[in-house]
Amino acid sequence: MIGRYAKVCIDSKHSELDFLFDYIIPAELEENILVGMRCVVPFGKGNTPTTGYIIALAGETDSDPEKLKAIAALPDAFCVLTEETLALAQWMRQKYYTTLISCIRCVAPTAKTGKPFPGTRAKKKQMDASCAKVTLTQAQEAAVKKITLAMEKKAAGAAFLLHGVTGSGKTEVYLHAIARVLKAGYQAIVLVPEIALTPQTVDLFTARFGDAVAVTHSRLTPGERFAIWKQAIEGEIQLVIGPRSAVFAPFARVGLIVIDEEHEHTYHSETSPKYDARAVALKRAELAGAVVVMGSATPSTESYLRATEKGEYTLLKLPHRINLTFPQVHIIDMRRELARGNTSLFAGDFARALGETLQMGRQAILFLNRRGYSTFVSCRRCGGVLSCDRCRVNYTYHANTAALLCHYCGQGMPLPSLCPECKSAHLRRFGVGTQQVEAEVARLFPGTATLRMDMDTTKGKHSHADILAAFRRGAAQVLIGTQMVAKGLDFPQVVLVGVVAADLSLFSGDFRAGEHTFQLLTQVAGRAGRARHPGRVFLQSYNPEHYALAFSRQGHYEDFYAHEIELRRTMNYPPFSHIFSIMLSGPGEREVIAALHKLQAIMVYCNKKGRFALMGISPAFVSKIKSQFRWKLLVKCEEEEPLKQFVLYCIKKLRENDPLAGITVHLSLNPALME
């Protein structure tokens, strides 16, 4: 007998139910019940049939057996949680300060039945044996050998950082490493940062691995995702490709996890649990005895530090483009354009270059560098940006109060009428949209076919693939878009890339703004000149002397990193410290702010030794969503565990004195983007 009792995690969003409930195992279920199964149990005073998950089986219980209820049913004939995915969910619960059920929802299928979706699988095709026939460069071969050796040794959790310039052949390294892991009878997961990259990536991988490949992403229905889950757990597929949630693919023999464009903030979940897919991948590799390969032309500062100074990752380098030359990068000073009387979106030189491109019958990508809602204020005459002198980040403009605020310390000021530096009246709130760019192209070049790729045009399930396919076949000469067109795309006819407003992310109010801008500009520049035709890149900026632009023009990552890491060290920002974001949201702004002030007072009292830096109360970047006001408090400390314990203790004390009625607490450690 395996046990008389089952410990069940109830599928409820209420945090007060975040513990295991004991249930009696009925005799008729004893032979079939297993840890990891879904169950239906009577719950609450009304004995409401409720879904739960079997977390453990036991012969004894600490509760009164006479008062325990019995499991009502086992709806599935299989386990929805494997030993590995359950362990991963339990680790995530502790790592990301959330409930167990929220983590189980990440790793368990969201539907009970589902029919295979034809678009998620490659057409019936055997693995192409010719992928060993591709001639690798010396650097590529060295990288593949090191990865393969780690896989053969089953070096659990071994991590490689593959730093390769754009066009250096990182994907070929992935393909060869995957071919070897599949040949050995193991499975692989490939993570990509954007749904937009999925169609192109799938084409490359299915050309090599055929019917072994499946793709998953958030646009699929629960039934479609369940079909892929079943195929993975039953061994029908060996390779899953997708955004961050693909890291939870239920393979029994994971041998390799690839994270392409590892620096991208989209690997961080913005909803609970607010996990980092890179950290989850490393933990999963540790549990499974697998290897992780993270690739990027512009690695995150934290990852590069781990590879070069801390020795936590093995650094692999691909320093040269394969049969490609770097495009010519031109930085245009938009202050001079204004002085010449040009007030349009496009500088004269860029407009002429676009016209030449269209006349040649080639293609261009116009990129708008923005998060979508952050707005800063800059002087068009001198290029100065209004910033916080306490935090070395830029003020963010809030239209509802016509005020400038620092999102780190809460310091602010009214919007001035004149520039504090040069006394010019040419202060401008920056916030250009893709539709404005599209209209400018139509005005300057009537009749030119354009495609726009942003949140408005990509709401459909296959809209990303449809837009990219149309651009590839020449249905339009100009592709206009935001971050989703900045990386990973390879169009042979694209010879011109224009960054309409390089300043939009440069002054976002985030301490990582310089890093994000350098990464985006370097990545987008890599889209030009991907074939035999030489490429040109134009970066339009009111701050052309900024270090992020200068280093992106040269394409020198190491020089950028050396500059950026010293700035972080000076300000004691991550990776030299940890920042904990505590955000409260609720229908009453006054109540939310009052609760944060209470929390701040508790923290000040508990921080008598000054070990933790309290960075002030401020509104979130989006201070109101769906009638919920959002304000936050940031706390900084060099050590992660003491910071975690301090924050959780102070929140516990707050709850003891304030029920926080109607207020939700959101916790995030080192968020990729400051909310």
Side-chain angles (χ1 to χ4, degrees), residues 9 11 33-39 51-56 74-93 100-117 120-122 156-157 178 181-182 184-192 198 205 209 211-218 220-259 269 273 275 277-292:
C9 177
D11 194 346
I33 195 167
L34 295 170
V35 171
M37 279 186 160
R38 199 186 332 244
C39 63
T51 299
Y53 295 86
I54 309 294
I55 304 302
L74 300 175
D76 311 307
F78 50 85
C79 295
V80 296
L81 299 173
T82 66
E83 181 180 352
E84 182 185 306
T85 56
L86 177 55
L88 191 63
Q90 291 170 325
W91 172 83
M92 289 174 63
R93 176 194 189 184
L100 179 58
I101 190 60
S102 68
C103 300
I104 287 177
R105 288 171 180 166
C106 290
V107 303
T110 56
K112 298 178 183 179
T113 60
K115 296 180 180 179
F117 175 54
T120 65
R121 294 288 301 274
I178 291 169
V181 80
L182 297 190
Y186 291 89
Q187 296 126 350
I189 298 170
V190 176
L191 303 184
V192 294
T198 305
F205 282 80
F209 306 118
D211 206 40
V213 181
V215 57
T216 183
H217 54 75
S218 60
L220 300 180
T221 67
E224 291 163 352
R225 289 198 295 273
F226 178 79
I228 295 172
W229 183 90
K230 283 283 285 182
Q231 291 162 355
I233 207 165
E234 293 174 358
E236 294 182 21
I237 53 177
Q238 286 76 50
L239 173 61
V240 166
I241 302 170
R244 60 175 180 259
S245 60
V247 74
F248 302 114
F251 285 136
R253 290 168 58 81
V254 177
L256 176 65
I257 302 176
V258 172
I259 308 175
S269 171
Y275 67 88
R278 298 172 304 178
V280 173
L282 290 167
K283 182 62 180 181
R284 178 154 194 200
E286 177 189 319
L287 292 170
V291 170
V292 176

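For the single chain, residues carry numbers from 1 onward in sequence order. Computed from a predicted model, the values in this text were never measured in an experiment.
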S.K.: Within a strict 4.5 Å, meaning less than it, do heavy atoms of the Ile178 and Leu256 side chains meet?
M.R.: yes
S.K.: Of all residues at least two apart in sequence or in a different chain, which pass the side chain to side chain contact (heavy atoms under 4.5 Å, CB included) check with Cys106?
M.R.: Met92, Phe248, Pro273, Tyr275
S.K.: Are Ile228 and Gln231 side-chain neighbours, meaning at least one heavy-atom pair lies under 4.5 Å?
M.R.: yes
S.K.: Which atom pair, heavy atoms only, marks the closest approach of Ala285 to Val291?
M.R.: CB-N, 4.4 Å
S.K.: Taking all heavy atoms of Ala108 and all of Leu81, pick out the closest pair and write down the distance.
M.R.: CB-CD2, 4.0 Å
S.K.: Give me the ring orientation class for Phe226 and Trp229: parallel if the planes are under 30° apart, tilted from 30 to 60°, perpendicular past 60°.
M.R.: parallel
S.K.: What is the minimum heavy-atom distance between Leu182 and Gln187, and which atoms define it?
M.R.: CD2-CA, 4.0 Å
S.K.: Taking all non-hydrogen atoms of both residues into account, name the closest pair between Ile237 and Asp211 and its distance.
M.R.: CG2-O, 4.2 Å
S.K.: Are the side chains of Tyr53 and Met37 in touch, meaning some heavy atoms are under 4.5 Å apart?
M.R.: no
S.K.: Taking atom CG of Leu100 and atom CG of Asp11, what is their separation to the nearest 0.5 Å?
M.R.: 10.5 Å
S.K.: Which residues pass the side chain to side chain donor-acceptor pair (under 3.5 Å) test with Ser102, not counting sequence neighbours?
M.R.: Thr98, Thr99
S.K.: Gln90 vs Ile55, test: side-chain contact (heavy atoms from CB on, under 4.5 Å). Steps then yes/no.
M.R.: CA-CA 10 Å; Gln90 291 170 325; Ile55 304 302; 3.8 Å; yes
S.K.: Say you draw a straight line from CD1 of Ile101 to OG1 of Thr51; how long is it, rounded to the nearest 0.5 Å?
M.R.: 9.0 Å
S.K.: Taking the side chain as C-beta and beyond, is there a heavy-atom pair between Ile233 and Thr82 under 4.5 Å?
M.R.: yes
S.K.: Evaluate whether atom CD of Glu83 has more than 12 neighbouring non-hydrogen atoms of other residues, nucleotides or ligands under 6.0 angstrom away.
M.R.: no
S.K.: Please check if the side chain of Arg38 supplies one atom and the backbone of Pro75 the other of a donor-acceptor pair under 3.5 Å.
M.R.: no
S.K.: Could you walk me through whether Leu220 and Val215 satisfy the side-chain contact (heavy atoms from CB on, under 4.5 Å) test, starting with their C-alpha distance in whole Å, then the side-chain angles of each, then the deciding distance to 0.1 Å, before giving a yes or no?
M.R.: CA-CA 10 Å; Leu220 300 180; Val215 57; over 6 Å; no
S.K.: In Å, rounded to the nearest 0.5 Å, how long is the span from CZ of Arg244 to NE2 of His217?
M.R.: 14.0 Å
S.K.: Provide the closest heavy-atom pair for Ala249 versus Ile189 in the form atom of the first, atom of the second, distance.
M.R.: CB-CD1, 4.1 Å
S.K.: Provide the closest heavy-atom pair for Phe251 versus Val240 in the form atom of the first, atom of the second, distance.
M.R.: CZ-CG2, 3.6 Å
S.K.: Quick one: CD1 on Ile241 to OG1 on Thr216, what's the gap to the nearest 0.5 Å?
M.R.: 11.0 Å
S.K.: Just verifying a value: how many Å separate Thr85 OG1 and Arg284 CZ, rounded to the nearest 0.5 Å?
M.R.: 7.5 Å
